[in-house]
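Before any comments, here is the structure.
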Amino acid sequence: MTGTAPGRAAMSGAGGYRARFLLRLSLIVALGTVLLFATLFAVFSSPLSGDYEGVFFALRHLAAFLFPIIAFSFLVYTLLVCGATAVLCVYALHKVAGPLYRMERVAESYVSGNPVPRVVFRQGDQGAALAEAFNDFVARLRGDRHELAEAMERAEGAFPGDPPASRAEMERCLGEITTLLSRYR
Amino acid sequence: MQNQRRVILINPRFQGRVALLFAAVILLGGAVLAFMIYREAREALWDASVRGHFQAGLTPYRIVEEILIRHLAVLVAGILLASFLLFFLLMRSIGAGIQRLVDVLRLSGEGDLSTPTRAPGPGEIASFGEQLDGIRARTLTLIDEIRSEAGSLRNEALPPEAFRQRWEELKTKVGRLAP
């Protein structure tokens, strides 16, 4: 079985797709972190006023309440960033899931014997090589079918007024059919 | 310009699973860093309260500034690094699966309809590989039938009527070779 480096040929042209995904992901994480920093900055930036005792107790008080402050800030951060990342993943992967879904429908159509249209993916869809390979496979089968049908038609009409010669020609054509289909295994 | 797909959530299992993986990375990174910030900031605030020399206009931020910035930088770098790695592995896995499907289709065009696809990567690609095997098996069965029928028609000494009838049946089978 021949093969290339994993996915290099199959996903060719995916450089822009990958770069866009990573750029958007970086942007989401960066924005989320800036928001988290701003929240924590706002919480911690109120001045500690009062005398020594007041500042002492304010710091002790803050240390005691630090857990809920940090936990809540990070919970909001996680929810926001996770939500945005999930939307990004779903959006980005529809360029992979969509073509696969389309190929599955085409395969179902093929098995049920319905005419199979040429598969064309949408702009930006990943795995265009898959559609191309499937179209080539169906085209080769159609080419063989066409060749066989033509040979049979030719053999039938070769000797219209001479049944023994016509039969011999048809038998020769049957040999041709066997030879033509011998590459399939 | 080609039309855009309206439905974005096409395969919730596949797309959702990947989204969950990325969410898990962010959740894990966030939880670890939150705990570290909490531990160090609490210690810093406690130490500052014990030290006692409070400057005018002191804010808690000035006490925990270095801890916050350092850990948030680590958070961004860690999450991005882990996400990039996850994305790279995911794309590699999808690419390998699709490449295998492409290779099998090319081989099928050359006549190999029996080697199982066994596509690596996500389950959805493997599942399409099995569907593809179904197509190839169906095609091979039909080709076997055509070959066998052509062989027996050629070798049997059939009367003209019977020969003609089976010839027509063979033509019908040939017509079904590719829909």
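A note on names: the letters A, B, ... follow the listed sequences, proteins ahead of strands, and every chain is numbered from 1. Heavy atoms only: backbone and side chains are in, while hydrogens, waters and symmetry mates are out.
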Short side-chain donor-acceptor distance under 3.5 Å, B/S49 and A/R60: yes
Please say whether more than 12 non-hydrogen atoms of neighbouring residues, nucleotides or ligands are located less than 6.0 Å from CZ in A/F56. yes
If every non-hydrogen atom of A/G98 is compared with every non-hydrogen atom of B/I10, which pair is closest and at what distance? CA-CD1, 3.5 Å
Under 4.5 Å from any heavy atom of chain B, what part of A/A107 do you find: side chain, backbone, both or neither? both
What part of B/Q131 gets within 4.5 angstrom of chain A, counting heavy atoms only: side chain, backbone, both, or neither? side chain
Does any heavy atom of chain B fall under 4.5 Å from the side chain of A/S112, the backbone, both, or neither of them? neither
Do B/V32 and A/L40 belong together in a cluster built from hydrophobic side chains that touch within less than 4.5 Å? yes
I'd like to verify something: which residue of B/A41, B/G97, B/S108, B/G151 has the highest number of heavy-atom pairs under 4.5 Å with chain A? B/S108
Can you hop from B/L85 to B/I94 via hydrophobic side chains spaced under 4.5 Å? no
Give the member of B/V18, B/I143, B/V76 that has the highest number of heavy-atom pairs under 4.5 Å with chain A. B/I143
By a 4.5 Å heavy-atom criterion (distance strictly below it), what part of B/E168 contacts chain A: side chain, backbone, both, or neither? side chain
Smallest heavy-atom separation, A/M152 atom then B/V174 atom, equals SD-CG2, 4.1 Å
Non-hydrogen atoms of chain A under 4.5 Å away: do they reach the side chain of B/I79, the backbone, both or neither? side chain
How many angstroms lie between CG in B/L27 and CG in A/L75, if you round to the nearest 0.5 Å? 9.0 Å
Is the shortest side-chain heavy-atom distance between B/L101 and A/F134 below 4.5 Å? no
Identify which of A/A71, A/S46, A/P115 forms the greatest number of heavy-atom pairs closer than 4.5 Å to chain B. A/S46
Take B/K171 and A/E153 through the test side chain to side chain contact (heavy atoms under 4.5 Å, CB included) and record every step on the way to the result. CA-CA 9 Å; B/K171 273 173 75 177; A/E153 292 290 337; 3.4 Å; yes
Heavy atoms of A/R185 and B/D112 approach each other most closely as NH2-CB, 3.6 Å
So, for B/P60 and A/F44, which heavy atoms are closest and what is the spacing to 0.1 Å? CD-O, 3.0 Å
Return the minimal non-hydrogen interatomic distance between A/L93 and B/L90, and the atom names on each side. CD2-CD2, 4.4 Å
Roughly how far, to the nearest 0.5 Å, is CG of A/L66 from CZ of B/R39? 13.0 Å
Of the listed B/E149, B/R164, B/E43, B/R62, the one with the largest count of heavy-atom pairs under 4.5 Å with chain A is B/R164
Could you list which of residues 166-174 of chain A have a heavy atom closer than 4.5 Å to any heavy atom of chain B, in residue-number order? A/R167, A/M170, A/E171, A/C173, A/L174
Is chain B contacted by the side chain of A/Y101, its backbone, both, or neither, given a heavy-atom distance below 4.5 Å? side chain
Sort out for me which of A/R142, A/E108, A/E156, A/M103 touches chain B most, counting heavy-atom pairs under 4.5 Å. A/E156
Using 0.5 Å steps for rounding, measure from the CG atom of B/L86 to the SG atom of A/C89. 8.0 Å
State plainly whether one hydrophobic cluster holds both B/L132 and B/L142, where clusters connect Ile, Leu, Val, Met, Phe, Trp and Tyr through side-chain heavy atoms under 4.5 angstrom apart. yes
What I'd like to find out is whether the side chain of B/L75 reaches to under 4.5 Å of the side chain of A/Y77, using heavy atoms alone. yes
For the hydrophobic clusters of this structure (ILVMFWY residues joined by side-chain heavy atoms under 4.5 Å, transitively), does one cluster hold both A/Y52 and A/F57? yes
Here the gap from B/R51 atom CZ to A/L59 atom CG, rounded to the nearest 0.5 Å, amounts to 10.0 Å
Could you check which of A/V138, A/T178, A/V81, A/V87 has the highest count of heavy-atom pairs closer than 4.5 Å to chain B? A/V81
When rounded to the nearest 0.5 angstrom, what is the spacing between CG in A/L25 and CZ in B/F22? 6.5 Å
For the residue pair B/I8 and A/Y91, what are the closest heavy atoms and their distance? CG2-CA, 3.8 Å
Most heavy-atom pairs under 4.5 Å with chain B, out of A/D144, A/D136, A/N114, belong to A/N114
Flag yes if B/L45 and A/F67 sit in one hydrophobic cluster, no otherwise; membership is Ile, Leu, Val, Met, Phe, Trp, Tyr, and two members link when side-chain heavy atoms are under 4.5 Å apart. yes
Can B/T139 and A/Y110 be said to form a side chain to side chain donor-acceptor pair (under 3.5 Å), step by step? CA-CA 10 Å; B/T139 308; A/Y110 186 103; 3.1 Å; yes
Using the ring pair (Phe, Tyr, Trp, His ring centres under 6.0 Å) rule, collect all pairs that involve residues 72-122 of chain B, keeping only residues at least two apart or in two chains. A/F21-B/F87
Counting only N and O atoms by type, is there a donor-acceptor contact under 3.5 Å from the side chain of B/R147 to the main-chain atoms of A/L181? yes
Among residues 63-70 of chain B, which residues come closer than 4.5 Å to chain A, judged by heavy atom distances? B/I63, B/V64, B/L68, B/I69
In this structure, CD of B/E110 is separated from CZ of A/R183 (nearest 0.5 Å) by 8.5 Å
Any chance CD of A/E53 has more than 12 other-residue heavy atoms, nucleotides or ligands included, within less than 6.0 Å? no
Under 6.0 Å from the CZ atom of A/R105, do we count more than 12 heavy atoms belonging to anything else shown? yes
With a 4.5 Å limit on heavy-atom distance, are the side chains of A/L130 and B/F128 in contact? yes
Highest number of heavy-atom pairs under 4.5 Å with chain A: which of B/A23, B/A34, B/A19? B/A34
4.5 Å side-chain heavy-atom contact, B/Y38 and A/I69: no
Qualifying residues under ring pair (Phe, Tyr, Trp, His ring centres under 6.0 Å), relative to A/H61, sequence neighbours excluded: A/F65
Okay, side chain of A/R145, backbone of B/L177: is any donor-acceptor separation there less than 3.5 Å? no
Is there a side-chain contact between B/F14 and A/V96, using heavy atoms and a 4.5 Å cut-off? yes
Largest heavy-atom contact set with chain A, pairs under 4.5 Å, which of B/I146, B/N11, B/L80: B/L80
Looking only at B/A73, B/G111, B/S127, B/A44, most heavy-atom pairs under 4.5 Å shared with chain A are made by B/G111
What part of B/R138 gets closer than 4.5 Å to chain A, counting heavy atoms only: side chain, backbone, both or neither? side chain
Which of the residues A/L100, A/L48, A/I70, A/V116 is involved in the greatest number of heavy-atom pairs with chain B at under 4.5 angstrom? A/L48
